[in-house]
Amino acid sequence: MTFVRSVLFFLFLVVITPPFSLIAILVRPLPPRVRYRIIGAWTRLTMFALRFIVGLHYRVIGRENLPSHSAVVLCKHQSAWETLSLQVILPRVAFVFKKELLRIPFFGWGLGCMPMIAIDRSAGKDALVQVEEQGRTLLEQGFWVTVFPEGTRMPPGQTRRYKVGGARLAQVTGAPVVPIAHNAGDYWKRNAFLKYPGEIVVSIGPPIATQGLTTEQINGHAQVWIESEMRRLFPHHYEAEHLSAAA
């Protein structure tokens with residue numbers, strides 16, 4: 001049944017993505033907020049299909065922690081799911097993503113018409129400057145700039161050093177940081193065709209005030225909260241750590 005549902009979901013995307021890419025190109029001259037609302041209908045339809053075709057839904061903890069104005073979001077990265085769901089869970093979202101995604105037929109064309117930040121990850125400091133400049137503009141326009149500080153999707157129970165791009169943007173703009181933990185990788189694994197039914201838990205942490213903090217301090221606070229919350233909500237992914245500590 002999981003395979004059949006995954007096939008039906010894939011066919012759904014094949015049907016709706018090409019026309020939405022054309023719509024995205026047609027509305028590109030419109031203001032960013034208008035474009036976001038129109039093109040974002042693709043995301044809302046996709047989330048609907050995940051729920052009713054795949055049987056994959058979600059539950060949000062800590063929604064009351066969201067500030068009343070735009071912020072920098074630092075989110076755990078396990079799956080493609082969070083790139084969809086955060087557009088529904090949060091107010092207007094602008095992702096920082098690798099520019100290679102723009103080469104994907106139809107999907108990439110539509111993505112390029114959204115108010116987002118596409119970076120060349122090999123550009124080093126130039127990529128950070130791009131995030132700062134474009135991120136500042138998007139924050140001023142009311143978008144929540146979302147960064148995956150691990151830089152790539154990591155399997156459940158694993159992590160890597162958090163990169164400083166998102167924390168740097170928050171530090172230079174004074175925007176608060178909203179940390180987010182979740183377990184999407186349990187149901188939609190990296191580069192996996194199969195999507196499993198179930199309930200993803202998304203936990204939104206208290207906003208981190210960034211005035212007076214260094215980039216490293218902001219990044220450290222966000223990492224401590226996210227990784228601690230992952231271990232609190234999903235301890236089964238970290239049993240090896242407990243065994244190692246006990247030994």
Side-chain angles (χ1 to χ4, degrees), residues 6 8-54 56-58 60 63 66 69-75 77-121 127 130-131 133-148 153 165-166 169 175 178 180 182 184 188 191 195 200 202 204:
S6 298
L8 291 175
F9 176 69
F10 173 77
L11 293 176
F12 175 84
L13 292 182
V14 168
V15 170
I16 72 164
T17 302
F20 263 98
S21 67
L22 176 59
I23 292 171
I25 293 170
L26 292 175
V27 303
R28 188 163 191 167
L30 297 178
R33 289 193 182 191
V34 178
R35 265 185 287 143
Y36 183 86
R37 187 165 60 250
I38 294 173
I39 303 171
W42 179 90
T43 302
R44 294 189 291 273
L45 286 172
T46 301
M47 292 296 292
F48 176 87
L50 279 172
R51 183 179 182 89
F52 289 97
I53 297 176
V54 177
L56 180 57
H57 33 112
Y58 64 91
V60 178
R63 199 185 291 271
L66 294 175
H69 50 84
S70 57
V72 174
V73 177
L74 297 185
C75 181
H77 200 17
Q78 294 185 348
S79 165
W81 181 85
E82 53 267 25
T83 65
L84 301 171
S85 63
L86 292 182
Q87 297 179 57
V88 178
I89 295 170
L90 301 176
R92 292 174 296 274
V93 174
F95 289 101
V96 177
F97 65 93
K98 57 183 180 182
K99 69 176 185 179
E100 290 85 351
L101 294 178
L102 298 175
R103 301 171 186 164
I104 301 174
F106 299 112
F107 174 81
W109 305 341
L111 184 62
C113 298
M114 290 283 275
M116 304 282 181
I117 304 174
I119 62 169
D120 180 357
R121 292 192 297 185
Q130 187 178 5
V131 171
E133 293 178 348
Q134 296 186 35
R136 182 188 295 274
T137 298
L138 287 165
L139 287 167
E140 291 172 351
Q141 292 174 343
F143 286 89
W144 293 49
V145 179
T146 301
V147 181
F148 300 116
R153 289 167 287 183
L169 173 61
V178 175
I180 296 181
H182 62 85
W188 183 340
N191 299 327
K195 284 80 178 172
I200 295 170
V202 179
I204 301 172

Open item on the list: Applying side chain to side chain donor-acceptor pair (under 3.5 Å) as the test, list every pair that has at least one member in residues 134-143; sequence neighbours left out.
Closed with: none
Open item on the list: Measuring only between side-chain heavy atoms, which start at C-beta, is F148 closer than 4.5 Å to T83?
Closed with: yes
Task: Contact summary for L139 and A175, nearest pair of heavy atoms - done: CD1-CB, 4.1 Å
- [ ] Compare every heavy atom of W188 with every heavy atom of K195, then report the nearest pair and how far apart it is.
- [x] CE-CE2, 3.2 Å
Task: Euclidean distance, R92 CZ relative to R33 CZ, rounded to 0.5 Å - done: 3.5 Å
- [ ] Measure the shortest side-chain to side-chain distance between I180 and I89 over non-hydrogen atoms and say whether it is less than 4.5 angstrom.
- [x] no
Task: L90 CG to S70 OG distance, which is reported to the nearest 0.5 Å - done: 12.0 Å
Open item on the list: Which heavy atom of L86 sits nearest to which heavy atom of C75, and what is that distance?
Closed with: CD1-SG, 3.9 Å
Task: Note, V73 side chain near V93 side chain (heavy atom, < 4.5 Å) - done: no
- [ ] Please list, chain by chain and in numerical order, all residues satisfying ring-ring contact (aromatic ring centres under 6.0 Å, His included) with W81, sequence neighbours excluded.
- [x] Y58
N/O donor to acceptor pairs below 3.5 angstrom from side-chain atoms of residues 39-54, sequence neighbours left out:
from: W42; atom 1: NE1; to: T17; atom 2: OG1; distance (Å): 3.1
from: T43; atom 1: OG1; to: Q87; atom 2: OE1; distance (Å): 3.1
from: R44; atom 1: NH2; to: R37; atom 2: O; distance (Å): 3.2
from: T46; atom 1: OG1; to: W42; atom 2: O; distance (Å): 2.8

Name every donor-acceptor pair, under 3.5 Å, that has one atom in a side chain of residues 22-31 and the other anywhere in the protein, sequence neighbours excluded.
from: R28; atom 1: NH2; to: G112; atom 2: O; distance (Å): 3.3

TODO: State whether the side chain of S21 and the backbone N or O of G110 hold a donor-acceptor pair below 3.5 Å, judged by distance alone.
DONE: no
Open item on the list: Can you give me the closest heavy-atom contact between A184 and E82, atom names plus distance?
Closed with: CB-OE1, 3.6 Å
- [ ] Work out which heavy atom in V131 is nearest to a heavy atom in L169; give both atom names and the distance.
- [x] O-CD1, 3.9 Å
TODO: Return the set of residues passing side-chain contact (heavy atoms from CB on, under 4.5 Å) with R153 (not counting sequence neighbours), or none when no residue passes.
DONE: H77, A80, R190, N191
- [ ] Would you please name every residue forming a side-chain contact (heavy atoms from CB on, under 4.5 Å) with A71, sequence neighbours left out?
- [x] P67, W144, P176, V178
Open item on the list: Could you report the tightest heavy-atom contact between P115 and A94, atom names first, then the distance?
Closed with: O-CB, 3.2 Å
